Every structure is written in structure tokens, then in C-alpha cells.
Amino acid sequence: MAKLIYSMVTSLDGYAEAAEGDLGTGAGDPEVHTFVNDLFRPVGTYLYGRRMYETMVYWETAHTEPDQPPHILQYARDWQAAEKVVYSTTLESVSSAKTRIERSFDPDAVRRLKAEAEADLTVDGPNLAAQAIRAGLVDEYHLFMTTSVVGGGKRFFPDGVRLDLDLVEQRAFDSGLIYAHYRTR
């Protein structure tokens, strides 16, 4: 059975989206990006909400921009190779290959997808991830914490959910970003 992984850059105070501005420095660092590439290369399917898909669809054509560094080109190739499922009631079409739209998040359908998948899946974006977390579907959490406290926004973990996790791995990058990998018990 494949694992469902939730991973995002977060502020030091636990926000996956800041109320104002960005989440701080560290995520754009080539060392961090290369680590992310290596970590998520085996992923076979990305589960997105509309907003996250609209952000990530950049990778469909990133390789066509001139002078892209190798780590950016590699991530684009890896992203293009994976399947994408976009959960949206408003999106009428997609602009990337290997992508389909689902009108609602169905936990049982995701359970079947995990059971049938040969490669791991990710759920991306705090809103969609909250649904997966509440349904008990997320097996691993990968947090990339910046050095900034942003004071508000959308939290990485949803309110009202208790999780007991085991720390699997941690790493500090020269940029100050901290990586923490947790597994559900």
C-alpha cells in the first residue's frame, strides 16, 4: 500500500500560508530544492486543491524558460512524470498532462487510490490536507520550517485534530530552514 504524504513549507509558528506576505526565507535555496527533488522524486500522484494546482502548474512549462538551473529542470521533469488529481467544484479544465479533476474529496476513493498505487501520493495545500488528516488518511508529514514567525494565516495542521507522531528524520540547512519528517503512530 502506498503512503499519503503531506508536506509544505511552514513558518516557524506553524503557518502554511501567511496572512500577509510570504513565509520567510530558506525554501528557495538550491540546497533545499535539491533535497526536496530527491525526497519527492518517487511520488506517483499529487492530490491538489484548485489554488495549489494553479500554483504548481508552473512546473508543466518551467523547463521552457531560459537559463533554468539543473535543480529546477529536474523538479519540472519529476512533476510532469507524476499523475495529478485536482479537487475543485469550479475548475473547468486543466492545463497539464496526466491531470484529472474530481469535484469532491472522497476519503474512500483516496483509500482505494492508496491501496492500488504502486508509488506514494502527496496531498498538497492546507485546506485539502485538512480533509485528509481528519479522515485519518495521512501517513507522513514533512515540514520545511522557515526562520520567520508570521503571526497568522492558514495553519499547517487543522484545528480540532489531535495527532501523535513519531519523528523519523530532521535536518538543518545552511539557509536556516529546518526539515522535520514525522510518521503517524
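What you are looking at is a predicted structure, and each value in this text was computed from that prediction instead of being measured.
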What pair of heavy atoms forms the shortest contact from [X] to [Y], and how long is it?
{"X": "L23", "Y": "S148", "value": "O-CB, 3.5 Å"}
{"X": "A172", "Y": "I178", "value": "CB-CD1, 3.7 Å"}
{"X": "R155", "Y": "P126", "value": "O-CB, 3.6 Å"}
{"X": "T25", "Y": "T146", "value": "O-CB, 3.4 Å"}
{"X": "V138", "Y": "T184", "value": "O-CG2, 3.2 Å"}
{"X": "A2", "Y": "A119", "value": "CB-O, 3.3 Å"}

Checking [X] side chain against [Y] main chain: does a donor-acceptor pair fall under 3.5 Å?
{"X": "D120", "Y": "V43", "value": "no"}
{"X": "N37", "Y": "H71", "value": "yes"}
{"X": "S88", "Y": "T90", "value": "yes"}
{"X": "T99", "Y": "S96", "value": "yes"}
{"X": "K84", "Y": "L47", "value": "no"}
{"X": "S175", "Y": "F173", "value": "no"}
{"X": "E169", "Y": "H181", "value": "no"}

What is the ring orientation for Y141 with Y6, classed by angle as parallel under 30°, tilted 30 to 60°, or perpendicular over 60°? perpendicular

According to the interplanar angle, ranging from 0 to 90°, do the rings of Y48 and Y46 count as parallel (below 30°), tilted (30 to 60°) or perpendicular (above 60°)? parallel

With a 4.5 Å limit on heavy-atom distance, are the side chains of [X] and [Y] in contact?
{"X": "H63", "Y": "Q74", "answer": "no"}
{"X": "E31", "Y": "D174", "answer": "yes"}
{"X": "L39", "Y": "F144", "answer": "yes"}
{"X": "I5", "Y": "V123", "answer": "no"}
{"X": "M56", "Y": "R51", "answer": "no"}
{"X": "L143", "Y": "F157", "answer": "yes"}
{"X": "V110", "Y": "F105", "answer": "yes"}

Apply salt bridge (charged side-chain N to carboxylate O under 4.0 Å, His left out) to R112 and E116, showing your working. CA-CA 6 Å; R112 285 190 299 276; E116 296 167 3; 5.5 Å; no

Centroid-centroid distance, Y15 to F156, less than 6.0 Å: no

Quick one: are the ring centres of Y87 and Y53 less than 6.0 Å apart? no

Might you work through the side chain to side chain contact (heavy atoms under 4.5 Å, CB included) test for Y179 and M145, ending with a clear yes or no? CA-CA 6 Å; Y179 165 69; M145 294 170 278; over 6 Å; no

Go through the steps for T147 and L12 under the test side chain to side chain contact (heavy atoms under 4.5 Å, CB included), then give the verdict. CA-CA 6 Å; T147 59; L12 193 57; 6.0 Å; no

Results of salt bridge (Lys or Arg N to Asp or Glu O under 4.0 Å) for R41 - residues two or more places apart only: D38, D78

With ring-ring contact (aromatic ring centres under 6.0 Å, His included) as the criterion, how do H142 and Y182 come out once you've worked through the C-alpha distance, each side chain's angles and the decisive distance to 0.1 Å? CA-CA 6 Å; H142 296 254; Y182 295 93; 9.3 Å; no

Intermediate values then yes/no, side chain to side chain contact (heavy atoms under 4.5 Å, CB included), R111 and L137: CA-CA 7 Å; R111 278 187 193 87; L137 294 169; 3.3 Å; yes

Between the CD atom in E54 and the CG atom in L91, the distance rounded to the nearest 0.5 Å is 6.0 Å

Ring pair (Phe, Tyr, Trp, His ring centres under 6.0 Å) filter on Y75, not counting sequence neighbours, yields H33, W59

Looking at E102 and R100, does any basic side-chain N land under 4.0 Å from a carboxylate oxygen? yes

According to a hydrophobic-cluster definition based on side-chain heavy atoms being under 4.5 Å apart (Ile, Leu, Val, Met, Phe, Trp, Tyr only), do F40 and V168 belong together? no

Exactly one of K114, R183, R185 clears salt bridge (charged side-chain N to carboxylate O under 4.0 Å, His left out) with D139, and that residue is K114

